Number of protein chains: 2
Amino acid sequence: MTSDAPSKDSAQLSPVELDAYFALIEVSSLVRHAVEQQLREAGDLSYVQFQLLATLGDSPAGSSRMTDLADGVVYSRSGLTYQAQLLEQRGLVTRAPSREDERSTTVTLTDAGRDVLAAVFPGHIAVLKELLFEPLSGGDVEALAGVLGRVRTHLRASPPRSAAPRRRKSSS
Amino acid sequence: MTSDAPSKDSAQLSPVELDAYFALIEVSSLVRHAVEQQLREAGDLSYVQFQLLATLGDSPAGSSRMTDLADGVVYSRSGLTYQAQLLEQRGLVTRAPSREDERSTTVTLTDAGRDVLAAVFPGHIAVLKELLFEPLSGGDVEALAGVLGRVRTHLRASPPRSAAPRRRKSSS
DNA sequence: TATTGTTATACTCTATAACTATA
DNA sequence: TATAGTTATAGAGTATAACAATA
């Protein structure tokens with residue numbers, strides 16, 4: 001333990017950092033894969049579609065603008081359009097031009113959409129409990145939420161390189 | 001905060017669990033996306049290709065059987081063949097039947113493969129430091145590695161649902 | 001002119017099933 | 001018969017660029 005600092009200078013990652021990085025990739029990868037299967041089987045939803053439905057379900061009116069929906073879920077606008085089309089074709093959402101701003105499209109969760117969401121939730125939670133939370137203590141979960149929350153805040157604040165193709169363009 | 005225990009029974013996730021889950025997905029998603037871009041720009045590598053090269057680079061002989069390579073990197077055998085073909089076409093790896101077991105294919109990292117790996121590493125590390133580790137203390141990193149390490153162990157031990165199409169079939 | 005969203009298109013990746021060959 | 005790997009093929013998802021419409 002000579003230098004346990006995060007080593008912001010050296011061009012190397014410390015062994016602990018490597019551990020953390022590899023574990024993060026492997027865990028998120030496996031969990032996501034398992035969750036995707038469950039969603040596919042229980043409701044024929046891709047993960048992105050689930051995220052969109054869940055986001056709509058969280059909003060009070062069950063609706064949202066396309067641009068707001070895109071936040072964090074998708075990396076390109078056309079990708080969002082594509083997924084929204086699929087959801088609309090299945091009758092899980094509705095799309096209509098916003099009255100406030102005719103350029104915007106308001107996406108709204110339908111009753112059928114809520115049904116699918118409800119059909120999928122229990123299994124979704126079961127997978128998470130079994131795969132992610134089963135081996136963790138309450139303290140572990142808090143630590144995880146705390147640390148990852150800090151990273152998330154950092155990521156949201158820092159210039160998203162090109163994660164967000166458009167949107168949030170201050171100067172230029 | 002009546003029941004802060006991990007709540008292994010109720011069919012709901014606690015607020016902290018939800019936090020941890022969402023943060024995990026968002027962070028891993030953003031980090032991975034950023035890393036993928038860097039790898040693409042610096043060495044024209046997909047993340048899976050990078051993982052394969054890096055795995056080979058870690059092994060003493062710079063070579064490995066296909067099946068061993070697949071571990072954790074890919075979810076189907078054909079997917080691995082596909083990526084290995086791409087790497088071979090670019091001259092970054094070599095494929096040859098193993099002498100010990102003629103059924104096996106031994107994949108070996110070439111000098112060109114090592115070069116690409118070397119070309120890509122610094123930027124890779126830089127992205128991780130900037131995006132993932134920048135806002136974390138040494139203790140944070142250790143906590144992260146510890147908790148995720150525990151989950152990883154759990155995931156590796158538990159029946160991979162169908163993550164591993166073949167391989168590791170005890171009874172049957 | 002800037003913003004919102006869609007469309008067309010090309011491409012990457014993944015997965016299932018059928019198949020070959022060796023143990 | 002079981003294992004290692006490849007092939008064919010089909011489908012899902014993503015991204016870029018060009019486009020239309022509104023602010």
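In what follows, chains carry the letters A, B, and so on, assigned in the order in which the sequence lines appear, proteins first and then strands, with residues in each chain numbered from 1. The structure displayed is predicted, hence computed values, not measured ones.
What separates CD of Gln37(B) from P of dT14(D) is a distance of 14 Å, to the nearest Å. Rounding to whole angstrom units, OH of residue Tyr75(A) and P of dA15(D) are separated by 9 Å. If you take CG of Leu86(A) and P of dT6(C), they are 12 Å apart, rounded to a whole angstrom. Rounded to an integer number of Å, the gap from Glu100(A) CD to dT4(C) P is 14 Å. With rounding to whole Å, Glu102(B) atom CD is found 14 Å from dT6(D) atom P. Rounded to an integer number of Å, the gap from CG of Leu80(A) to P of dA15(D) is 12 Å. Put simply, NE2 on His33(A) is 9 Å from P on dT14(C), counting in whole angstrom units. Protein atom CZ of Arg90(A) is 14 Å distant from nucleotide atom C1' of dA12(D), rounded to whole Å.
We find that Glu36(A) and Arg32(A) are joined by a salt bridge, their nearest charged nitrogen and carboxylate oxygen being less than 4.0 Å apart.
The ring pair (Phe, Tyr, Trp, His ring centres under 6.0 Å) test applied to His154(B) returns no partner, not counting sequence neighbours. Checked against side-chain contact (heavy atoms from CB on, under 4.5 Å), Ser98(A) has the following partners two or more places apart in sequence or in another chain: Glu100(A), Ser104(A), Thr106(A).
Leu86(B) and Leu52(B) are not part of a single hydrophobic cluster, where members link through side-chain heavy atoms under 4.5 Å apart.
The side-chain hydrogen bond (donor to acceptor under 3.5 Å, both in side chains) analysis of residues 110-124 of chain B, with sequence neighbours excluded, yields the pairs Tyr21(A)-His124(B). Note on residues 87-97 of chain A: pairs passing side-chain hydrogen bond (donor to acceptor under 3.5 Å, both in side chains), not counting sequence neighbours, are Glu88(A)-Arg95(A).
No donor-acceptor pair under 3.5 Å is formed between the side chain of Ser64(B) and the backbone N or O of Asp68(B). The backbone N or O of Ser46(A) lies less than 3.5 Å from a partner atom in the side chain of Gln49(A), making a donor-acceptor pair.
Between the side chains of Tyr82(B) and Ser76(B), no donor-acceptor pair is found at a separation under 3.5 Å.
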Are any protein N/O atoms closer than 3.5 Å to N/O atoms in nucleotides 7-12 of chain C? If there are, list each pair with its distance.
residue: dT7(C); atom: OP2; partner: Gln85(A); partner atom: NE2; Å: 2.6

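Within a heavy-atom distance below 4.0 Å of DNA chain C, no residue of residues 50-66 of chain B is found.
Comparing dT16(C), dT14(D), dT4(C) against the side chain of Ser76(B) picks out dT16(C) as the nearest.
Taking the nucleotide of DNA chain D with the nearest heavy atom to each of Leu45(A) and Asp68(B), the more 5' of the two is matched to Asp68(B).
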